[in-house]
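Take a look at the structure set out below.
Atoms within a ligand are numbered from 1 in the order they appear, just like the ligands themselves.
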Amino acid sequence: MIIVMMQGASKEQLAEVKKRIRELGYKPHVIHGETRNVIGAVGDERGKSVLQSLESMPGVENVVPILKPYKLASREVKPEPSVVEIAPGLQVGGDKMVVMAGPCSVESEEQILETAHAVKQSGATVLRGGAFKPRTSPYSFQGMEEEGLKLLALAREATGLPIITEVVNPRDVELVARYADIMQVGARNVQNFALLKMLGQLDKPVLLKRGMATTIQEFLMSAEYILAEGNRRVMLCERGIRTFETATRNTLDISAVPVLKGQTHLPVIIDPSHATGHAHLVPSMSYAAVAAGCDGLIVEVHPHPEKAASDGPQSLRPAEFAAMMKKLAEFAKVAGKSL
Ligand code: PEP
Ligand code: MN
């Protein structure tokens, strides 16, 4: 249910309503709007009609059901887009596009430092790099684990770029959170609800990737798992879905951008690297993503793709990334944003 407070309702009235929501067995989530506050009351759907009684409390304008199965992620609860702060002064979801770039996997100090300096030089504002890798084959490189996290932290120190890295297993959440600025949930873990719940309890932004066979509704329900635990800093990432097409690694669902934008207030990021699987397709898909209205990109860049431990064929060389960023700035301008 959405409890819409009156314009000018007092703090005390808001606190009373929150208290009553808890007494009724629901969890209140306050969304501070420009003119008024609303409270999303979430919990067991079956007995939610008891919340209707809140309508008679002082300061309450009305109580309306949330029609979508996802609640806190929906535009019904929060019509304005969410702006997620990912580092002091760095926001996602506003007028400025964010570009996260770096290798698929952290491989060595030299590799991550060289990449970090190069992507920063070209205008990226977040460094990506996998330390725990969810590989399709158990015999493929699984990542440098904590050693990789340490190298990412070193690169952050050297460049000032905040770092995004994937957490694969719930038991590693605490370890990864000690190093990461943004926690990445990979496509293969989009419905790992134990992991999502743990991330919901963290005070860290989360980038949630869409699974390869996840509908938009399922994707938003996964985001809801994180939001329902209290973490509001959730970003969604479309990274290509599985279709019958084999010319590309996945099929980039560009229409997911405006569809998601219509249904949720959460920022939407596009990953053109995993979506296509081929470096030469990454620039055009990045421009298309910006034109479709995304809030940012996450792109794989490697100084020597031919030697990469993972995802070399889809990784841009630093010079290719630099050229793409120049052109991207033009597309961003047309889309009413800046890089
Ligand atoms: C990655 O970002 O390197 C990755 C494994 O992505 P995805 O989970 O989208 O496959
Ligand atoms: Mn990768």
Side-chain angles (χ1 to χ4, degrees), residues 98-107 111-112 115 119 124 126-138 140-145 148-149 151-152 163-169 172 176 180-192 195-196 199 205-214 216 218-219 222-223 226 234-243 248-254 256-257 260 268-279 281-282 285-286 289 294 296-317 321:
V98 65
V99 179
M100 311 179 188
C104 179
S105 307
V106 180
E107 297 164 7
Q111 173 242 21
I112 195 68
T115 315
V119 299
V126 177
L127 175 66
R128 69 148 284 155
F132 290 89
K133 298 303 302 177
R135 305 306 300 281
T136 301
S137 163
S140 302
F141 174 58
Q142 302 287 310
M144 290 181 79
E145 306 189 346
L149 296 173
L151 294 179
L152 282 168
I163 54 184
I164 176 168
T165 194
E166 179 167 351
V167 58
V168 175
N169 194 311
D172 298 323
V176 176
D181 297 287
I182 307 170
M183 308 287 281
Q184 176 178 328
V185 179
R188 290 154 192 83
N189 264 322
V190 68
Q191 288 188 321
N192 183 339
L195 178 65
L196 301 179
L199 294 173
V206 176
L207 181 83
L208 176 65
K209 289 188 142 195
R210 182 180 181 183
M212 30 202 125
T214 309
I216 300 244
E218 288 163 344
F219 189 21
S222 290
I226 305 172
V234 178
M235 296 169 278
L236 303 170
C237 177
E238 155 63 33
R239 44 76 75 202
I241 51 175
R242 181 71 58 82
T243 69
T248 46
R249 183 176 178 185
N250 290 290
T251 297
L252 179 57
D253 182 7
I254 281 278
V257 179
L260 284 168
V268 179
I269 306 295
I270 289 284
D271 175 344
S273 309
H274 293 87
T276 60
H278 300 282
L281 300 176
V282 168
M285 288 304 95
S286 299
C294 73
L297 300 172
I298 180 162
V299 182
E300 287 186 341
V301 178
H302 196 291
H304 308 287
E306 65 287 351
K307 292 191 203 150
S310 59
D311 288 349
Q314 67 193 34
S315 301
L316 294 174
R317 292 172 196 280
F321 178 68

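Taking 4.5 Å as the limit, some side-chain heavy atom of V176 sits within range of a side-chain heavy atom of M183. The side-chain heavy atoms of F219 and V190, taken from C-beta on, include a pair separated by under 4.5 Å. For the pair D253 and R210, the minimum side-chain heavy-atom distance is below 4.5 Å.
By the 4.0 Å N-to-carboxylate-O rule, D311 lies close enough to R249 to be salt-bridged with it. Under 4.0 Å is where a charged nitrogen must lie from a carboxylate oxygen, and between R317 and E306 at least one such pair does.
Screening I182, I164, V126 for a side-chain contact (heavy atoms from CB on, under 4.5 Å) involving I298 leaves a single residue, I164.
Contact residues of ligand 1 (protein heavy atom closer than 4.0 angstrom to a ligand atom; sorted by chain and number): C104, R128, K133, E166, Q184, G186, A187, R188, K209, R239, H274, E300.
Within the 3.5 Å criterion, the main-chain N or O of E300 finds a donor-acceptor partner in the side chain of S273. Formation of a donor-acceptor pair under 3.5 Å by the T165 side chain with backbone atoms of G129 is found in this model.
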Exercise. Run the numbers on Q111 and H302 for side-chain contact (heavy atoms from CB on, under 4.5 Å), then give the verdict.
Key: CA-CA 8 Å; Q111 173 242 21; H302 196 291; 3.4 Å; yes

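Less than 2.8 Å away from the Mn ion (ligand 2), the protein contributes these N/O/S atoms: C104 SG, H274 NE2, E300 OE2, D311 OD2.
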